[in-house]
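Please find one structure pasted underneath; my questions will follow.
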Amino acid sequence: MSEPSRLDLLRFAYRVVEQQARASLAQIAGWIAAEEQREREVAAREARRPAPPEWVAELSIGRDRRAILVHSGGCHMIGKRSRGIARDQALRALAEGVEACDHCRPDTALGWMG
């Protein structure tokens with residue numbers, strides 16, 4: 001049996017690389033499909049998430065859990081003990097002496113002149 005020619009070896013090398021490239025491309029295509037699915041799932045979760053409340057009352061510690069601060073809904077200073085409230089509840093809380101957050105100034109946004 002004769003030795004393969006250089007041309008035969010080069011053609012063989014070409015086929016091997018071509019097969020590896022196909023396998024690599026198939027693997028990358030799978031990764032792309034998985035990432036696209038993940039992004040669709042994240043978008044679907046975000047779409048189902050309820051809108052944040054427009055106004056938030058931050059509550060005290062303890063049994064009565066009374067309001068101690070009023071925030072605008074997107075304020076970065078809202079603590080863990082809080083609940084969403086309606087506009088009229090926010091105005092009533094300010095009228096009753098509950099402080100307005102110094103960062104988001106809900107009193108200004110509500111037009112409160114207290």
Side-chain angles (χ1 to χ4, degrees):
M1 190 158 163
S2 66
E3 292 286 319
S5 72
R6 290 177 52 125
L7 185 57
D8 290 337
L9 292 173
L10 287 171
R11 286 182 177 144
F12 174 76
Y14 180 88
R15 285 192 308 272
V16 169
V17 170
E18 185 178 40
Q19 289 173 349
Q20 289 175 342
R22 282 188 189 138
S24 295
L25 289 173
Q27 185 176 31
I28 293 170
W31 294 339
I32 289 170
E35 184 62 19
E36 288 172 341
Q37 177 63 30
R38 189 193 68 77
E39 286 184 0
R40 282 192 298 274
E41 290 169 359
V42 167
R45 276 196 307 276
E46 289 294 319
R48 288 190 307 267
R49 177 180 285 166
E54 195 170 355
W55 311 103
V56 175
E58 189 167 336
L59 307 173
S60 66
I61 297 175
R63 179 175 254 144
D64 65 346
R65 295 181 58 98
R66 60 183 178 78
I68 56 173
L69 274 176
V70 175
H71 296 273
S72 294
C75 181
H76 65 279
M77 294 299 291
I78 296 173
K80 291 183 180 180
R81 294 177 317 275
S82 60
R83 63 179 167 84
I85 57 175
R87 178 184 173 82
D88 62 324
Q89 292 173 307
L91 286 166
R92 189 175 328 115
L94 292 171
E96 292 172 355
V98 176
E99 291 185 42
C101 173
D102 290 335
H103 294 265
C104 62
R105 302 306 311 177
D107 50 349
T108 303
L110 287 163
W112 174 252
M113 301 292 214

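Note that this is a predicted model, so its numbers are computed, not measured. For the single chain, residues carry numbers from 1 onward in sequence order.
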May I ask whether Ile85 and Leu59 are part of the same hydrophobic cluster, defined by side-chain heavy atoms of I, L, V, M, F, W, Y residues being less than 4.5 angstrom apart, directly or through others?
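Different clusters: Ile85 never reaches Leu59 through Ile, Leu, Val, Met, Phe, Trp or Tyr contacts under 4.5 Å.
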With a 4.5 Å heavy-atom cut-off, do Arg87 and Glu54 have their side chains touching?
no
Neighbour count >12 (heavy atoms, 6.0 Å) for atom CZ, Arg6
no
Check Ala93 against Val70 and note the closest heavy-atom contact, atom names and distance.
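Result for this residue pair: CB-CG2, 3.9 Å.
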Does the side-chain contact (heavy atoms from CB on, under 4.5 Å) test come out yes or no for Trp112 and Thr108, once each step is laid out?
CA-CA 6 Å; Trp112 174 252; Thr108 303; over 6 Å; no
Check Leu110 against Ala90 and note the closest heavy-atom contact, atom names and distance.
CD1-CB, 3.8 Å
Tell me if the CD1 atom of Ile28 is crowded by more than 12 foreign heavy atoms within 6.0 Å.
yes
Glu96 and Arg92 ion-paired at < 4.0 Å
no
Taking side chain as C-beta onward, heavy atoms only, is Ile68 less than 4.5 Å from Glu99?
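They are not in contact (no side-chain heavy atoms under 4.5 Å apart), so the answer is no.
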Residues Asp107 and Arg105 bridged, charged N to O under 4.0 Å:
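Here Asp107 pairs with Arg105 in a salt bridge, since their nearest N and O are under 4.0 Å apart.
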Evaluate whether atom CD of Glu3 has more than 12 neighbouring non-hydrogen atoms of other residues, nucleotides or ligands under 6.0 angstrom away.
no
Please find the pair of heavy atoms, one from Ser82 and one from Val56, that lie closest to each other, and give the distance.
CB-CG1, 3.6 Å
Do Gln19 and Arg22 have side-chain N/O donor and acceptor atoms under 3.5 Å apart?
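No.
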Is it the case that one hydrophobic cluster holds both Trp55 and Leu91, taking links as side-chain heavy atoms less than 4.5 Å apart, direct or via other members?
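Trp55 and Leu91: one cluster.
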His103 side, atom NE2; Leu69 side, atom CG - distance, nearest 0.5 Å
9.5 Å
Within a strict 4.5 Å, meaning less than it, do heavy atoms of the Pro106 and Cys101 side chains meet?
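They are in side-chain contact.
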Separation of Arg83 CZ from Glu58 CD (nearest 0.5 Å):
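Glu58 CD to Arg83 CZ: 12.0 Å, rounded to 0.5 Å.
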Looking only at heavy atoms, what is the nearest atom pair of Pro4 and Leu9, with distance?
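Distance-wise, the nearest heavy atoms are CG-CD2, 4.1 Å.
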Separation between CG of Leu94 and CD of Gln89, rounded to the nearest 0.5 Å
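Leu94 atom CG to Gln89 atom CD measures 12.0 Å (nearest 0.5 Å).
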Is any side-chain N of the basic residue among Glu46 and Arg49 closer than 4.0 Å to the acidic one's carboxylate O?
yes
What closest approach, in Å, do Ser72 and Cys104 show between heavy atoms, and which atom pair accounts for it?
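Here Ser72 and Cys104 meet closest at N-SG, 3.1 Å.
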Taking 4.0 angstrom as the limit, do Glu35 and Arg38 come out as a salt bridge?
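Between Arg38 and Glu35 there is a salt bridge, with a charged N closer than 4.0 Å to a carboxylate O.
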Could you tell me whether the side chain of Ser60 and the main chain of Arg66 form a donor-acceptor pair under 3.5 Å?
yes
Distance (rounded to the nearest 0.5 Å) between Arg11 CZ and Glu18 CD:
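It is 13.5 Å, given to the nearest 0.5 Å.
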